[in-house]
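Everything below concerns the one structure shown next.
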Amino acid sequence: QASLFDLLGDADFGLLTEVVGRAASLAKITPRDLDGAGMAAAGASASAEALGAEMDATSMVTMRSSIPMAQQGDDGGGRRRRGRKGKSPVRGGGAEEDDFGGKKLGGLEDLARLERDKEQRQFLYVVQLAAQAGMDEDMALGMTLGDLTAMLDAMGVDVPTLEAAEAEAAARNDPLKGVPREYHEQRSAFTSGTTKRYGSGYEEVIMPAPRARPRPANGRIIKVAELPRWAQLPFKGMEAFNPMQSTVFDAAFNKTGNILVCAPTGAGKTNVAMLVLLQHVGAAIGADGVLDRRAVKAVYVAPMKALAQEVVSKFSKRLMCLGLTVREYTGDAQLTREEADAANLIVTTPEKWDVVTRKGGEGSLAESVRLLILDEVHLLAEDRGAVIESIVARTQRRVEATQELVRLCGISATLPNHEDVAEFLRAHPVHGTFHFGGEHRPCPLAQTFVGISEKDRHRHLRLQNEICYEKVVEARREGYQVMVFVHSRRATVGTAQALIDIATKKGELHLFQVATDK
């Protein structure tokens, strides 16, 4: 009795007296019996009614959670051990004890418990409907779910299931209510004619090169002769632009808006950059036909110093006929202020131009630029993307502050989210955004993907080298040159040595020897 008094307190002395009086019958109750106890069983005694009065509309109080039972056993002092809440492992068993010292139920018992919880939530929902219909809530709580539902039906109150009510409420609160949905058929990423081959420990997917010849979006190929005579000089030796360049021609050469061009390697994106630059040059030609070279100021941001040097070499030769100066401004090639002011096109790297734009202000080099060409803008998704983002953000902020146009031209390989990049560059989604697929490569590209299913790391690497060797030998026998790319410099030596070992073992080392004239 003292233990029960310490456990329950003196909040309800009548309940304490009744528990003591029924100690013998309560000791026979098992956890499974207690799991079935609910509000309906609680109405049999006055003490259970006291507990039921404390129930709110969102929870169901059961005998199990209201009266912590003592574990069977003695603690050595003649007193029953008090049940511990939570979970505690049973020594030597591997099962867990619940609040009553019994084993936790699992499997079908857990499913039955979930079903009872579902019925209790449905019961509370029906009680709420009854209260809304004017019925006394205490009386509704004392009834069974079936009787209460029958009474509400007799009163003309519709009693849906709780799931149906929640679904209806979600539909009413749907922010897209009334907006037509669009459903698109999921298409395979493989091109037409794709085949699969299966080998020992690997799978091979072969995607043939596209056969369709691309056509320009405007329906015709633009001739170089259609350019003004001064603009034809940098394209000496060319007769016409390819379909990709013809599609972009109007937006690049005749318009001044920001532009994003995404096309595969070798599709001719450099000529698109030249068209954009020539539009900037044309704006500096006066009514008298004289070019004001001091008004021509553009920056070409290349991803690497090696690529910057290549761009300087190409553009210097092509712009020499117009008397324009191209200078490199990287960590390896510094410029004085006079040299930077005299240059019409500055080729730099993102990090270098980031430093220049940080030193903004009246009279700075960045203030005089009117065209910014960003090559390989898909690097936004890599570690250096933050630098490119800073450059674009500062440029756009300067345009907003000074109301002076600085045109942005983004050049990139194919992007899966080119719309997002175009929005970032503030290019028009239709007239300033262009995306071209693999069919615009000058040489159609066939792709073969090999997936190795071997789990063991060493066997995986050995099989990878063997497959690589077979592909290399196949190309060498047809007279082609081969390039093998790996993930690290260390793997370069390992892969090369593996190919040499396999070729030596098979007696095919001559396929890798260079033929020299005697």
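The basis for the numbers below is simple: all heavy atoms, side chains too, and nothing from hydrogens, waters or symmetry mates. The structure presented is a predicted model; accordingly, all values stated were derived computationally and were not measured.
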What is the minimum heavy-atom distance between [X] and [Y], and which atoms define it?
| X | Y | answer |
| --- | --- | --- |
| Pro234 | Cys321 | N-SG, 4.1 Å |
| Glu367 | Arg370 | O-NH1, 3.0 Å |
| Val347 | Thr330 | O-CG2, 4.3 Å |
| Gly268 | Asn242 | CA-ND2, 4.4 Å |
| Leu319 | Met274 | CD2-SD, 3.9 Å |

Backbone N or O of [Y] within a donor-acceptor pair of the [X] side chain at under 3.5 Å?
| X | Y | value |
| --- | --- | --- |
| Arg476 | Gln481 | no |
| Glu339 | Thr336 | yes |
| Ser453 | Gly201 | yes |
| Lys297 | Ala343 | yes |
| Ser313 | Glu310 | no |
| Lys305 | Gly331 | no |
| Ser412 | Cys262 | no |
| Thr349 | Pro303 | no |

### Query
Can you name the one residue among Arg459, His460, Arg462 that meets side-chain hydrogen bond (donor to acceptor under 3.5 Å, both in side chains) with Glu454?
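Going through the options one by one, the only one that passes is Arg459.
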Side chains of [X] and [Y] in contact at under 4.5 Å (non-hydrogen atoms):
| X | Y | result |
| --- | --- | --- |
| Leu374 | Leu425 | yes |
| Val484 | Lys471 | no |
| Arg407 | Asn258 | yes |
| Tyr300 | Val326 | no |

Surrounding [atom1] of [X] (heavy atoms of other residues, nucleotides or ligands, distance under 6.0 Å), is the total greater than 12?
| X | atom1 | value |
| --- | --- | --- |
| Glu423 | CD | no |
| Lys118 | NZ | no |
| Glu239 | CD | no |
| Asp456 | CG | yes |

### Task
Dump the intermediate steps for salt bridge (Lys or Arg N to Asp or Glu O under 4.0 Å) on Asp341 and Arg337, then the final yes or no.
CA-CA 6 Å; Asp341 291 339; Arg337 182 55 189 265; 3.1 Å; yes
### Task
Begin with the C-alpha distance, continue with both residues' side-chain angles, and end with the deciding distance and a verdict on salt bridge (Lys or Arg N to Asp or Glu O under 4.0 Å) for Arg384 and Glu376.
CA-CA 11 Å; Arg384 304 170 65 192; Glu376 308 294 346; over 6 Å; no
### Query
Side chains of Glu508 and His510: is there a donor and an acceptor less than 3.5 Å apart?
no
### Query
With no hydrogens and no angle check, do the side chains of Lys223 and Gln232 hold a donor and an acceptor under 3.5 Å apart?
no
### Query
Any Lys/Arg nitrogen of Glu328 or Lys352 sitting under 4.0 Å from an Asp/Glu carboxylate oxygen of the other?
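Answer for the salt bridge query: no.
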### Message
Arg293 and side chain to side chain contact (heavy atoms under 4.5 Å, CB included): which single residue from Leu322, Leu324, Val281 fits?
### Response
Leu324
### Task
Kindly assign one of parallel, tilted or perpendicular to the pair Phe241 and Phe235, based on the angle between their ring planes and the thresholds 30° and 60°.
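Correct class here is perpendicular.
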### Message
Once you measure the plane-to-plane angle for Phe436 and Phe434, does it fall in the parallel (<30°), tilted (30-60°) or perpendicular (>60°) bin?
### Response
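Phe436 vs Phe434 ring planes: parallel.
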### Task
Report the C-alpha distance between Val473 and Phe512 in whole Å, list the side-chain angles of each, state the deciding distance to 0.1 Å, and finish with yes or no for side-chain contact (heavy atoms from CB on, under 4.5 Å).
CA-CA 9 Å; Val473 168; Phe512 298 87; 4.2 Å; yes
### Task
May I have the step-by-step check of side-chain contact (heavy atoms from CB on, under 4.5 Å) for Arg426 and Leu408, ending in yes or no?
CA-CA 9 Å; Arg426 298 183 182 179; Leu408 295 176; over 6 Å; no
### Task
With salt bridge (Lys or Arg N to Asp or Glu O under 4.0 Å) as the test, would you mind laying out the steps for Asp501 and Lys505 before giving the verdict?
CA-CA 6 Å; Asp501 294 342; Lys505 183 179 179 180; over 6 Å; no
